[in-house]
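Because the structure is a prediction, the values reported are computed rather than measured. Heavy-atom basis, side chains included; hydrogens, waters and symmetry copies ignored. Sequential numbering from 1 along the given sequence is applied to the chain's residues.
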Amino acid sequence: MLKMSPAVRVANIPGAFNKTYDYTLFPDDEDKNIYYALADYPTYLADSHNDPSFNLTWYFGTGITSAGVCTMTVALPMPDTTNADVKSAILRELTGDKTAITIAQKTLELCKASDAKDTARVQALKTELGFNDTIVAARVSVYDKTADWTQFLPNHDSLSIRPIPFKDGTVTIQAFPSSDAYDSKDPAYTGIAKTKPSLINSNAAVVTFNLTDLGANLFWHGLGGWPLDPSLKAPEGYDAAKGGSSVISVVYSVTFDALLPEAKATVTFDQSIVAKLEVEQRKHTGSWGSQWTEEIPRSRELDEAINGNTVIVLPAVASKDDNDNVQKLLTDWAAAQMIDMAKSQLPGVDMSTLDVNSIRSLKQAKTQVRTYKLTQAVSMLKFPQAQLRKLDGIVPPDAIKKFFQLINLNDVPYVNINLTVAPPSPSFLKDRFVDRVVITDLTFADGQLLDASKKPVSSIEYLSGGDPKPGQTFTGTFAKNNPDLSTKYSYLVTYTDGTAPMNVTDVAQKNANYLSLSGVDIGVLSVSLSAIDLPWDVISSARVDLTYGTWKRTLQLNRDGGNVLVAKPFGKPITDKLTYQVTLTPTAGAPIIGEAVQVIPDHGQAEITLRNPLGNITNPIEFILDPAVTKAQLRAEYTFRNSGPDRIFSQLIQLDAAKNGGAFTWNVPSQSEKGSAFKIIRAQATTASGTNTITDPSGANADPLEQQASITVYADHVKKL
């Protein structure tokens with residue numbers, strides 16, 4: 001999974017249109033050679049000819065009000081690592097990053113300490129690096145004693161730069177009359193459009209503007225259109241003085257999940273909480289000269305008191321950005337703990353509305369300390385944005401009119417257009433049992449289209465067994481008075497499993513010169529299932545039942561199987577709801593059947609992360625050995641509580657300092673609003689002097705179980721933090 005830290009900035013990486021781009025690269029939590037790239041700023045999506053996906057048509061004449069149509073595809077570019085120069089440039093930045101070097105050097109120290117059975121040093125380095133036991137075990141398993149610390153840096157042959165798995169996002173494209181208006185986000189004279197990006201690969205987004213005369217002028221000048229002679233034949237709105245300073249901006253708002261660095265917060269509740277909560281005496285004089293004194297709270301700066309009594313510790317290798325991101329999350333937790341500790345000692349005190357008596361009560365409070373460890377995925381929100389480059393700085397001067405078209409309707413009865421068709425990939429079709437897709441009757445504005453050799457386009461065929469086809473650009477004409485500016489086509493889909501072919505006719509797409517076939521409904525239900533959130537530490541198997549109409553499918557899932565793709569051709573558009581139901585088989589006890597969940601496939605496709613019928617979060621319980629203990633065997637019992645009957649899960653835990661570093665993590669399901677119970681039934685600890693059976697291992701700590709508890713086995717007792 002993607003990690004928030006250590007993010008590496010790489011600059012001036014060669015890319016599309018012979019320009020350079022800057023990226024932030026986020027590491028993978030398991031593989032040193034995998035990084036996820038987020039471009040600092042968006043640009044145009046490059047087509048198969050390395051041209052920007054852009055077209056602006058400004059038309060006028062015949063007594064109509066001048067107007068324009070602009071269609072563009074913007075994207076967050078991905079570095080082309082098939083280019084050896086690009087890959088080498090990125091690798092230099094990754095292997096030269098100070099934080100990455102420090103982590104690699106410390107990781108080598110950790111592996112050496114583990115090899116030397118130096119448990120104390122391993123624990124210290126583990127804390128400094130923010131590693132959990134799983135990561136430590138992974139690093140030790142690949143440790144090469146003959147190599148130096150660079151073995152933990154990415155290498156050229158295996159380096160993989162991947163797109164970020166986005167969860168959600170929006171794209172806003174806006175025109176501003178000047179750079180000053182852009183800097184101040186002045187809303188005057190702006191045109192604006194919002195859309196959803198693709199959320200895959202380069203996060204492409206297709207946007208079409210229907211422009212007024214003023215808007216066409218701003219876009220023409222802001223994006224580098226060729227100069228017109230207003231004294232001859234130009235739209236009335238053409239004004240270089242008014243549009244010459246205009247800029248067009250693109251703002252992405254995207255969210256994705258990222259692992260936070262391991263952090264620990266400690267909040268203390270004691271008499272120091274009232275340091276900022278003081279009382280003053282105020283004198284009053286009555287109308288007859290009488291005087292009296294009143295005590296009132298002088299300040300209620302509870303936030304400062306919470307911050308002053310909360311200590312947040314991150315790994316030494318964490319960056320300032322890591323600290324800022326974690327600070328608010330753990331401070332909010334500390335505030336809740338402070339109020340809870342006050343209630344436990346002083347039930348009558350409301351921390352949010354303190355009065356004089358409440359403050360006096362707090363001064364008698366006893367000291368309490370609570371600690372919280374954080375290692376979890378959170379949603380990150382990023383805003384890559386930039387002014388779009390002018391096309392006259394991207395494409396050759398003699399090609400600029402290909403992208404900016406001026407149409408005087410008084411001069412010509414027909415207008416030239418370009419239509420780009422982006423195909424589906426053969427692998428996409430093959431995985432969905434599609435033999436071929438044939439596009440027929442393709443027109444624009446009811447006019448025939450021509451291919452690159454100027455021959456009429458009668459049909460386009462895409463085969464699942466063929467080589468990938470690049471996007472194709474077709475040209476055509478339409479009558480100046482034609483009110484219908486639609487792209488129209490029909491298509492036929494045939495299948496490899498014997499399903500009857502699907503024939504769809506008269507598909508229309510309004511006001512666009514870009515047709516993407518990857519989003520067309522091909523009559524196949526395509527379901528991608530992720531079982532990553534299921535509680536695999538307490539179940540032996542999992543099953544999911546899919547239902548679509550009368551079709552049913554049952555799948556057995558396993559913990560290491562990755563995403564599962566289920567494809568079923570129906571030979572007709574996928575318009576109904578899909579229902580799925582998860583059944584878990586615990587290691588002991590009756591099966592757990594989840595609720596039936598309905599989803600609506602998008603053009604036949606559904607990506608589902610399966611809901612866990614047991615709780616809404618996973619709670620890791622960490623078991624470690626005291627340095628004096630070499631081995632331990634525990635029989636643990638976990639009680640899961642929710643609105644239904646309690647469920648009890650048992651686990652035999654073997655800890656061996658020589659084999660697993662003396663550590664084990666048991667991931668159990670939990671309901672966030674319900675407290676679960678945990679106890680150790682039996683325990684044995686082995687030291688240099690022999691094996692000892694620990695009586696009453698859990699003691700008073702059996703119930704409840706806090707989230708992310710840490711349990712240490714000593715020679716004669718077990719302690720829970």
ask   = Looking just at side-chain N and O atoms, do Thr639 and Asp646 make a donor-acceptor pair shorter than 3.5 Å?
value = no
request  = Would you name the heavy atoms of Gln581 and Ile593 that are closest together and state the gap between them?
outcome  = NE2-CG2, 3.6 Å
request  = Classify the side-chain pair Ser158/Asn155 by whether it contains a donor and acceptor separated by less than 3.5 Å.
outcome  = yes
Table please: side-chain donor-acceptor pairs of residues 607-614 below 3.5 Å, with sequence neighbours left out.
residue: Asn612; atom: OD1; partner: Leu614; partner atom: N; Å: 2.8
residue: Asn612; atom: ND2; partner: Leu614; partner atom: O; Å: 2.5

task = Starting from the C-alpha separation in whole Å, work towards a yes-or-no answer on side-chain hydrogen bond (donor to acceptor under 3.5 Å, both in side chains) for Ser676 and Arg641.
result = CA-CA 6 Å; Ser676 296; Arg641 292 173 176 161; over 6 Å; no
key: Minimum heavy-atom distance Phe166-Leu76, with the two atoms named   = CZ-CD1, 4.2 Å
Side-chain donor-acceptor pair present, Thr107, Arg139, cut-off under 3.5 Å = no
task = Output yes when Arg121 and Glu109 qualify as a salt bridge under the 4.0 Å nitrogen-oxygen rule, no when they do not.
result = yes
ask   = Is the NZ or CZ atom of Arg647 both under 6.0 Å from the centre of the six-membered ring of Phe649 and within 45° of that ring's axis?
value = no
Arg162 to Tyr35 six-membered ring, cation-pi geometry met (6.0 Å, 45°) = no
query = Taking NZ, NE, NH1 and NH2 as the nitrogens, is one of them in Lys126 or Asp133 under 4.0 Å from a carboxylate oxygen of the other?
reply = yes
task = Give a yes-or-no answer on whether the side chains of Tyr36 and Asp28 include a donor-acceptor pair shorter than 3.5 Å.
result = yes
Flag for Thr691-Gln684: side-chain donor and acceptor within less than 3.5 Å = no
query = Between Phe256 and Phe26, does the ring centroid distance fall short of 6.0 Å?
reply = yes
message = Using a strict threshold of under 4.0 Å (side-chain N to carboxylate O), is an ion pair present between Arg543 and Asp545?
response = yes
